[in-house]
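Some notes on the structure that comes next.
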Amino acid sequence: MNVAENQQNTSEIDFETLNPKQYIIIKGARVNNLKNIDVAIPRNKLIVVTGVSGSGKSSLAFDTLFAEGQRMYVESLSSYARQFLGRMEKPEVDYIKGVSPAVAIEQKVNTRNPRSTVGTTTEIYDYLKLLFARVGVTYSPISGLPVRKDTVTDVVDFMLHHEEGTRVMVLAPLIVKEERSLAQELSILLSKGYTRVVVNQETKSIEELIETKEYAAFSAADFFILIDRASVKHDDEDTQFRLSDSVQTAFFEGEGLCIVDVIGGERRAFSDKFELDGIKFEEPTVNLFSFNNPYGACKRCEGFGKVLGLDPDLIIPDKNLSVFEGAIAPWRTEKMAEWLAPLLRHGIRFDFPIHRAYKDLTQEQKDILWAGNTYFEGLTAFFEHLESQTHKVQYRVMLSRYRGRTTCPECRGSRLRKDAGYVKIAGVSITDLVLLPISEVLQFFKNLSLPDYQFGIAKRILIEIENRLEYMERVGLGYLTLNRLTNSLSGGEFQRIKLATSLGSALVGSMYILDEPSIGLHPRDTRKLVGVLESLRDMGNTVIVVEHEEEVMRAADQIIDIGPDAGNLGGEVVWQGSWEDILNPIEGIHSHTIKFLTGEDKIPVPTFRRKATHWLELTGARENNLKDVDVKFPLGTFTVVTGVSGSGKSTLVRKILFPALARQKGEYNEEAGKYSNLTGSLDRIDNLEMVDQNPIGKSSRSNPVTYIKAYDYIRQMMSEVPLAKARGYKPSHFSFNIEGGRCETCQGEGQVKIEMQFMADIYLKCEACGGKRFKQEILDVRYQRPDQGSADIADILDMTIDEAIRFFRADEPKLADRLLPLQEVGLGYVKLGQSSNTLSGGEAQRVKLAFFLSKSNPNQGRSLFIFDEPTTGLHFHDIQKLLKALNALVNQGDTVIVIEHNVEVIKSADWIIDMGPEGGEAGGYVTFEGTPEEMVKLSDNYTAVFLEEKMRT
């Protein structure tokens, strides 16, 4: 039966006749706001679950489907795990049939671990370590020859390689211990059972040597112990075993050295030590290539890749200046100018251009500045002089001024000990590979040719490495290096890394549930993402995507629209069908999704664009991949910074503009990225706000109502209820953060954490308070509304923003006014007491936006707001509300700068700054600055292509 034929009316489906091998059947789902819905999801298809924010999409996909998949997994585990099953609540649902093993890829905040890299996050580096440990060849840095140690097999093979009947002797050098004489060592040999030694090519009896004292005529180095004499027999097993034992004995007696003397032929030495050119090398092991292990980490930077050293960007801060103009900052003072004078006076003698800007100097000329020559002492000598004078405080201060976190010179930022770079495969070390872009690493492995023996060992590892590298390439991250720090990535890059990691495991027959994987993606990159999702489906998996992106919906086999609105007004299956079915929808369906997709509802193009009269000008931005760019930001307008993923948007705005501006205002301690100058109407900005997607609070007790300072008003209101006054309750009794009225079993959390050693911790409803957070005597206090009943403090916290505004509007207008901004930014469906760690990044960002809209801002009209992808998690319908809120800030005179890919937001901007043209090293340029109308005239710009389509419709 084809479910798509019954798009608008799932009640017509006979669920009893559906085959669970073909469908995932959900009957009577009632989780959160879901209204007893029935859904049949085709297996091994790409399914998009969409709907307005708060409609119940995540409740269906994660809280119902994934939760049941996780519960079924735990049920299959040990008795230790199953002891918690009685307390693990099943999703509120009649039944779910046909559930496959579930993998969830949810939205998470970027890791802050300074040791986490792209390579470790994707597990590619783990396989690289294994590969180099297994088949890597160590090369001496002196001779360039491969380092190897001889095995017993190597020595025996050498002997058996000779013609049958050839006589061979197995010898070991005589090692005389420091505390013994040569005579004593010979006597010990005799007691061990050895009878002969070889001296000057002659075999002599040890007994005779001792008796005649003939040994005194020789030095200890002339003696070799005769371990064995034998004739070569090719097919004689006994001879092979005998020779093997003899060689092993020779290695032991010779402390790693064994000599084979072919009678009438060559004498050859073998060593089981891993050494060459007088250097003892470390044998390749996994730990040798691990920078998170003290054994493998670079000793200088301890595996961080950065050291505290002289920062060239602090020493020469403005690259546009020449040496004559004072480019070298420490030589600008009158006293230190003594170091500069010889260079200015004698520069002409060695053809040094003292009037040329530093950025235009050749590398050779820059090296001269540091190294110096016979005419002047360079910067290196200058700082060595300062180091020698550190007993004087002024020199210590001067040195500290020019120190910074710089790339470790010993490991080149690869974090590994130097000798790990001696191990190579096809002439390339692991250090070289992690510093290359992923696209080049992939080409290296595709072209790699190994000897049969090595290929047999490495075959499985190579498959895993290539698969993961290909997925990274396919999700558009080929420009990243494996050594790139995870915490330096943009949100979109991090999301796709997690997706590629999950895809690399190549599971089959599983159910992948993804939470908006298109977050942070430019429309061009979204197409690549769709291809990856399709290949995941084609491998034999059911792919369920919670998504608002039109491009992903077009590719879906089936779309499930949950709604029609948010919160209590949602929770129903409004529509189910394919993209083709949307083009001919049945009349009478109230679906915001279909209205936007069919063009019935749309965000209009603004009729006018605000013109800026004041600007900020940033020059010489060169952090990460930025190519020394100059950018102008208009004030008092709505500006969008866009461009393909990895083009440098976040670096420009978050790492340079925001910290540079904040430091000038004295509000920020972090170091800004590299730039030359920030000028313009700085006096017109009194307040600076970064509204990002980080959680609104570090504590799980933080929630929207505490963040916007409305909870103080609620606690005061509840303490004035007659029963509360009679019992002497203060506002603090209605707080879940301090002792008094809160439930002490869960300490006001409403849930308790069960630590599971084998999987993620499980949070269970508190049995003492039933999840209500407060003691029963506190819950006895109820706020009365004659027309709408009564509510205790737990009921109030359980209300959605929309419900609370309706409940309090008449009697408590001040409280309703405080909650109104949350409703205006599209968060009417969020509960007042919803824990901050359950909010998505986009929801957390909009809570912050509501805070700025609600407070009486003393800097109104003189604030600059920076938003990082505020459309995260937003349906088209909610983007309208967001744009209204952003424009409200601009209309009161503030400046709004948004990092964004959503074309609806881009077309609504007053000014666009487009970065590109590609990601990574091929990006980092400003490709356009101007209005949307000017941008659509471009023919060779990725953003312009998609914008032109939206401006037409």
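Quick caveat, the model's predicted, so the values are computed rather than measured. All residue numbers in this chain count up from 1 along the given sequence.
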### Task
Using modelled atom types only, decide if a donor and an acceptor are shared between the side chain of R727 and the backbone of E777 within a distance under 3.5 Å.
yes
#### Entry: Within 6.0 angstrom of K725 NZ, more than 12 heavy atoms from elsewhere
no
### Message
Is it the case that the side chain of D894 and the backbone of L864 share a donor-acceptor pair, with hydrogens and angles ignored and the cut-off at 3.5 Å?
### Response
no
Review item, side-chain donor-acceptor pairs of residues 824-831, under 3.5 Å, at least two apart:
{"from": "Y829", "atom 1": "OH", "to": "E843", "atom 2": "OE2", "distance (Å)": "2.6"}
{"from": "K831", "atom 1": "NZ", "to": "D798", "atom 2": "OD1", "distance (Å)": "3.2"}

### Residues that R684 engages under side chain to side chain contact (heavy atoms under 4.5 Å, CB included), provided they are two or more places apart
H614, L635, S681
### Task
Check side chain to side chain donor-acceptor pair (under 3.5 Å) between T706 and all other residues, then give those that pass, not counting sequence neighbours.
N703
### Aromatic centroids of F736 and Y711 separated by under 6.0 Å
yes
### Heavy-atom pair of closest approach, residues M799 and A804
SD-CA, 3.9 Å
### Task
Determine yes or no for a side-chain-to-main-chain donor-acceptor pair under 3.5 angstrom, with S735 supplying the side chain and N737 the backbone.
yes
### Task
Determine whether V905 and L883 make a side-chain contact, defined as any pair of heavy atoms from C-beta on separated by less than 4.5 Å.
yes
### Query
Do R862 and D686 meet the salt-bridge criterion of a basic N to acidic O distance under 4.0 Å?
yes
### Query
How far apart are the closest heavy atoms of V99 and G69, and which atoms are they?
CG1-CA, 3.9 Å
#### Entry: Heavy-atom pair with the smallest gap, counting every atom of H901 and L521
CB-O, 3.2 Å
### Task
Please test I897 against L657 for side chain to side chain contact (heavy atoms under 4.5 Å, CB included), starting from the C-alpha separation and ending with a verdict.
CA-CA 11 Å; I897 298 174; L657 176 66; 3.9 Å; yes
### Task
Check the pair L797, F774 against side chain to side chain contact (heavy atoms under 4.5 Å, CB included), reporting the backbone distance first and the verdict last.
CA-CA 11 Å; L797 289 174; F774 294 91; 3.9 Å; yes
### Query
What heavy-atom pair brings R654 and F658 nearest, and what distance separates the two atoms?
O-CB, 4.1 Å
### Query
How many angstroms lie between atom CD1 of I41 and atom CG of L65, to the nearest 0.5 angstrom?
5.0 Å
### Message
Does atom CD (Q784) have a neighbourhood of more than 12 heavy atoms from anything else shown, all under 6.0 Å?
### Response
yes
### Query
Any side-chain heavy-atom pair from I708 and L819 closer than 4.5 angstrom?
yes
### Query
Can you name the closest pair of heavy atoms from V545 and P517 and give their distance?
CG1-CD, 3.5 Å
### Query
Is the side chain of S55 donor-acceptor paired with the backbone N or O of I562 at a distance under 3.5 Å, no angle test?
yes
### Task
Determine the sole option in V49, L60, V48 for which the side-chain contact (heavy atoms from CB on, under 4.5 Å) test with I544 is passed.
V49
### Message
Ring-plane angle category for H875 and H592, please: parallel below 30°, perpendicular beyond 60°, tilted otherwise.
### Response
perpendicular
### Query
Between K775 and G740, is there a donor-acceptor pair closer than 3.5 Å when you use the side chain of the first and the backbone of the second?
yes
### Query
For S59, does its backbone N or O pair with a side-chain atom of T64 as donor and acceptor, under 3.5 Å?
yes
### Check: S116 main-chain N/O paired with T486 side-chain donor or acceptor under 3.5 Å
yes
### Query
Between E744 and R742, is there a salt bridge with N-O shorter than 4.0 Å?
yes
### Query
Run the side chain to side chain donor-acceptor pair (under 3.5 Å) check on D780 and Q776 step by step: do they pass?
CA-CA 6 Å; D780 291 341; Q776 185 55 49; 3.3 Å; yes
### Task
Please test M717 against I714 for side chain to side chain contact (heavy atoms under 4.5 Å, CB included), starting from the C-alpha separation and ending with a verdict.
CA-CA 5 Å; M717 178 186 75; I714 292 173; 4.3 Å; yes
### Query
Can you tell me how far the CD1 atom of I96 sits from the NZ atom of K27, to the nearest 0.5 Å?
13.5 Å
### Message
Let me confirm one number: the CZ-CG distance from F865 to L889, rounded to the nearest 0.5 Å.
### Response
5.0 Å
### Query
How many angstroms lie between CG in L832 and CG in L822, if you round to the nearest 0.5 Å?
8.0 Å
### Query
Between CD of E572 and CG of D565, what distance do you get to the nearest 0.5 Å?
10.0 Å
### Message
Looking at K57 and V52, would you say the former's side chain and the latter's main chain have a donor-acceptor pair under 3.5 Å?
### Response
yes
### Query
Just by distance, do the side chain of R785 and the backbone of Y783 share a donor-acceptor pair under 3.5 Å?
no
### Query
Does the pair C743 and R773 meet the rule for a side chain to side chain contact (heavy atoms under 4.5 Å, CB included), with working shown?
CA-CA 5 Å; C743 168; R773 306 186 184 193; 5.8 Å; no
### Query
Taking the side chain from N33 and the backbone from L569, do they hold a donor-acceptor pair closer than 3.5 Å?
no
### Task
Evaluate the criterion side chain to side chain donor-acceptor pair (under 3.5 Å) for residue pair S518 and E547; output intermediate values, then yes/no.
CA-CA 8 Å; S518 69; E547 189 57 87; 2.9 Å; yes
### Summary
Between R782 and the options D792, I793, I796, the side-chain contact (heavy atoms from CB on, under 4.5 Å) test singles out D792
### Task
Kindly compute the distance separating NZ (K881) from CG (L886), expressed to the nearest 0.5 Å.
14.5 Å
### Query
Going by atom types only, do E900 and T871 share a side-chain donor-acceptor pair under 3.5 Å?
yes
### Task
Taking all non-hydrogen atoms of both residues into account, name the closest pair between D38 and G28 and its distance.
OD1-N, 2.8 Å
### Query
Does V721 reach the side chain of Y729, with side-chain heavy atoms less than 4.5 Å apart?
no
### Query
With a 4.5 Å heavy-atom cut-off, do Y713 and V705 have their side chains touching?
no
